[in-house]
Amino acid sequence: QKEVEQNSGPLSVPEGAIASLNCTYSDRVSQSFFWYRQYSGKSPELIMSIYSNGDKEDGRFTAQLNKASQYVSLLIRDSQPSDSATYLCAVRVGGGADGLTFGKGTHLIIQP
Amino acid sequence: DTAVSQTPKYLVTQMGNDKSIKCEQNLGHDTMYWYKQDSKKFLKIMFSYNNKELIINETVPNRFSPKSPDKAHLNLHINSLELGDSAVYFCASSPSTQWNSKYGYTFGSGTRLTVV
């Protein structure tokens, strides 16, 4: 059974600091990994994707993937109050036409 | 233009009623999905359609019936609504369902269904 685990939080980070969000997944054949941001009452918005081991940077966001440890993380540098949201980790498993499996999300609060 | 649009945005109805939610995407994507987000914010896939054909049907009650008249539209019809059906329903689309697909989903704005 595919599972994606995230700490639900809330994770409180001071403005300007680095926010670190973590996600583990159970299925070793998982191929693609995504981070979504969801503001309260809004739809999920794709912010990062990663497929290969290592780091991928996009602006203030860095996604890190370690397939051996079945671990994916998202770092947000220079955190802003507008980054306060729920961050959803999603995993696509290879081998079929599966949809994305989502974690339950981490609620991030950036304190001004 | 909105990429993935859902209607209605809010739906309040009584138990036992039948209701439909409509979804349309103008991105030219091949695959569309319905997800349910419960009160604890957990997003769970319900259905997936690829070029009008059902490819995923998770364990949802058969009161839920998706219909895809063409690859740009995926509607969700719900019969005999129950209190537990109250949730936010999201439509989403993606370019591909290939196993090595690197594409994420684009979500619609959601339909908040409240059954009273």
Side-chain angles (χ1 to χ4, degrees), chain A residues 1-11 23 27-52 56 58 61 63 65 67 72 74 85-108, chain B residues 2-6 9-10 21 23 25 27 29-51 53-60 66 74 87-112:
Chain A
Q1 183 169 350
K2 296 169 280 186
E3 289 186 356
V4 179
E5 300 286 340
Q6 294 181 256
N7 188 323
S8 61
L11 174 64
C23 172
D27 198 323
R28 286 196 167 273
V29 298
S30 299
Q31 295 287 338
S32 307
F33 307 86
F34 305 87
W35 282 100
Y36 283 80
R37 178 176 62 200
Q38 187 175 23
Y39 293 114
S40 181
K42 301 295 185 181
S43 59
E45 173 194 8
L46 180 65
I47 54 173
M48 286 289 288
S49 58
I50 188 166
Y51 326 108
S52 305
K56 179 182 177 183
D58 184 1
F61 298 98
L65 175 61
K67 290 189 178 180
V72 58
L74 179 71
T86 296
Y87 288 80
L88 303 167
C89 174
V91 174
R92 166 168 271 153
V93 177
D98 285 348
L100 292 182
T101 299
F102 283 83
K104 295 187 177 182
T106 297
H107 183 205
L108 176 66
Chain B
T2 303
V4 181
S5 59
Q6 288 179 237
K9 191 169 176 63
Y10 300 97
I21 306 172
C23 179
Q25 56 96 2
L27 298 167
H29 288 170
D30 287 332
T31 311
M32 297 183 72
Y33 310 84
W34 280 110
Y35 273 80
K36 178 180 179 181
Q37 189 169 45
D38 60 24
S39 58
K40 296 185 178 180
K41 308 299 182 188
F42 184 44
L43 262 174
K44 188 172 165 71
I45 192 167
M46 301 174 70
F47 300 103
S48 171
Y49 266 76
N50 183 274
N51 278 321
E53 290 189 22
L54 179 67
I55 54 173
I56 296 175
N57 182 356
E58 292 295 318
T59 51
V60 298
L74 180 62
V88 180
Y89 292 84
F90 284 103
C91 176
S93 72
S94 71
S96 172
T97 59
Q98 292 300 309
W99 68 271
N100 60 350
S101 174
K102 299 181 177 181
Y103 299 105
Y105 297 173
T106 301
F107 281 86
S109 57
T111 296
R112 182 173 294 276

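Just so we're on the same page: letters track the sequence lines, and every chain starts at 1. Computation of the quantities below employed the complete heavy-atom set of this structure, encompassing side-chain atoms and omitting hydrogens, waters and symmetry-equivalent molecules.
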Roughly how far apart are A:Tyr36 OH and B:Tyr105 OH, rounded to 0.5 Å?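 With rounding to 0.5 Å, OH (A:Tyr36) is 7.5 Å from OH (B:Tyr105).
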How long is the straight-line distance from OG1 of B:Thr106 back to CD of A:Glu45, given to the nearest 0.5 Å?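 So the gap between those two atoms works out to 10.5 Å.
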Nearest heavy-atom neighbours spanning [X] and [Y]:
X       : Y        : result
A:Ser43 : B:Gly108 : CB-O, 2.9 Å
A:Arg92 : B:Tyr33  : NH2-OH, 3.5 Å
B:Phe42 : A:Gly103 : CD1-O, 4.1 Å
B:Leu43 : A:Pro44  : CD1-CG, 3.8 Å

Within 6.0 angstrom of A:Lys67 NZ, more than 12 heavy atoms from elsewhere: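 Counting neighbours around NZ of A:Lys67, more than 12 heavy atoms of other residues, nucleotides or ligands fall under 6.0 Å, so yes.
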Does NZ belonging to A:Lys56 count more than 12 external heavy atoms closer than 6.0 Å?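 Buried by this count: over 12 neighbours within 6.0 Å.
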Toward chain B, the part of A:Ile50 with a non-hydrogen atom under 4.5 Å: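 Neither part.
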Heavy-atom proximity to chain B below 4.5 Å, by part of A:Lys104: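 Both parts, heavy atoms under 4.5 Å.
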Measure distances from B:Phe107 to the heavy atoms of chain A and classify the residue's part below 4.5 Å as side chain, backbone, both or neither.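 Contact with chain A is through both the backbone and side chain of B:Phe107.
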Do A:Gln38 and B:Gln37 touch side chain to side chain, with heavy atoms closer than 4.5 Å?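 A side-chain contact under 4.5 Å exists here.
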